[in-house]
Q: 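Next up is a structure, given as structure tokens.
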Amino acid sequence: MEITLRLEIVTPDRLVLSEDVDYVGAPGINGEFGILPNHIPFLAALQIGPLHYNVGGQTRYVFISGGFAEVSENKVTILAEAAERAEDIDLDRARQAKERAEQRMSMEMDSVDYARARAALARSLHRLKLLDSE
Ligand code: ATP
């Protein structure tokens, strides 16, 4: 029998995904890393970006807003503040979030939490990019 990985993606309010997969590629803070079955136990911090996984010869995408990945006994657990499967991303919402973030970043530095606006911009851009690559 072929060995698979159980991929679980969890946010504070829901279980986004729980599926047996063949491969997981995740956006680590030091670059993308890949997990195949029988991987050694592993813990990594994630950055905002796309996670992808392969199942039955197909690649699927999930947006991740940072968080942590834990690998243990053929199970990959992703804990993220927010995550959406590509098909659940709302295009208009992401466009509006991008516009808001860009406006804030063009304002006087004193009146804006720049790091917050930059993170919001990164989330919106990755959501839009993921929709484009679908
Ligand atoms: P917004 O300003 O539109 O809320 P955001 O980047 O600040 O965008 P997050 O804090 O990352 O939003 O997420 C808040 C909640 O809204 C999460 O549950 C996330 O999954 C959901 N969410 C945010 N943007 C989208 C989107 N474009 N499509 C689908 N769900 C989204």
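We count residues from 1, following the sequence as given. Numbering of ligands and ligand atoms starts at 1, following listing order.
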Q: At what distance is the nearest protein heavy atom to atom 11 (O) of ligand 1, and which residue and atom is it?
A: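 Sorting protein heavy atoms by distance from atom 11 (O) of ligand 1 puts R127 NH2, 3.0 Å first.
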
Q: Do V24 and V71 make a side-chain contact, defined as non-hydrogen atoms from C-beta onward lying under 4.5 Å apart?
A: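 No - every pair of side-chain heavy atoms lies 4.5 Å or more apart.
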
Q: Quick check: R14 and ligand 1, any N/O pair under 3.5 Å apart?
A: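 No.
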
Q: Does E81, at its CD atom, have more than 12 non-hydrogen atoms belonging to other residues, nucleotides or ligands within less than 6.0 Å?
A: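 Result for CD/E81: open.
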
Q: If you count the non-hydrogen atoms of other residues, nucleotides and ligands that lie under 6.0 Å from CZ in R6, is the total more than 12?
A: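 Atom CZ in R6 is packed in, count exceeds 12.
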
Q: Which protein non-hydrogen atom lies closest to atom 17 (C) of ligand 1, naming both residue and atom, and how far is it?
A: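 For this ligand atom, the closest protein heavy atom is A82 CB, 3.9 Å.
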
Q: Looking at atom 18 (O) of ligand 1, what's its closest protein heavy atom, distance included?
A: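 Ranking protein heavy atoms by distance from atom 18 (O) of ligand 1, first comes D13 OD1, 4.5 Å.
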
Q: Provide the number and element of each atom of ligand 1 under 4.0 Å from a heavy atom of R100.
A: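 So the answer, numbered in order with elements, is 1 (P), 2 (O), 3 (O).
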
Q: I'd like to know whether CZ of F68 has more than 12 heavy-atom contacts from other residues, nucleotides or ligands below 6.0 angstrom.
A: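 No, the 6.0 Å shell around CZ holds no more than 12 heavy atoms from other groups.
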
Q: Given E84, R95, R93, which has its nearest heavy atom closest to atom 15 (C) of ligand 1?
A: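 Residue with the shortest heavy-atom distance to the ligand atom: R93.
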
Q: With a heavy-atom distance limit of 4.0 Å, tell me whether D88 approaches ligand 1 through its side chain, its backbone, both, or neither.
A: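 D88 to ligand 1: backbone contact only, side chain stays beyond 4.0 Å.
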
Q: Which of the atoms in ligand 1, numbered in the order shown and given with their element, are less than 4.0 Å from a heavy-atom of A94?
A: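 Heavy-atom distances to A94 below 4.0 Å select 27 (N).
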
Q: Would you say E8 and T77 are linked by a side-chain donor-acceptor pair, where the criterion is simply a distance under 3.5 Å?
A: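 No - no donor-acceptor pair under 3.5 Å links their side chains.
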
Q: In terms of residue, atom name and distance, what is the protein heavy atom nearest to atom 6 (O) of ligand 1?
A: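 For atom 6 (O) of ligand 1, the nearest protein heavy atom comes out as R123 NE, 2.6 Å.
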
Q: Can you find a pair of side-chain heavy atoms, one from E32 and one from H52, that are under 4.5 Å apart?
A: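 In short, these two side chains touch, coming nearer than 4.5 Å.
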
Q: Any idea which protein heavy atom is nearest atom 26 (C) of ligand 1, and the distance to it?
A: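 Checking every protein heavy atom, the shortest distance to atom 26 (C) of ligand 1 gives D90 N, 3.7 Å.
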
Q: Would you say the side chains of R95 and S124 form a donor-acceptor pair under 3.5 Å?
A: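 Per modelled atom types, R95 and S124 side chains form no pair under 3.5 Å.
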
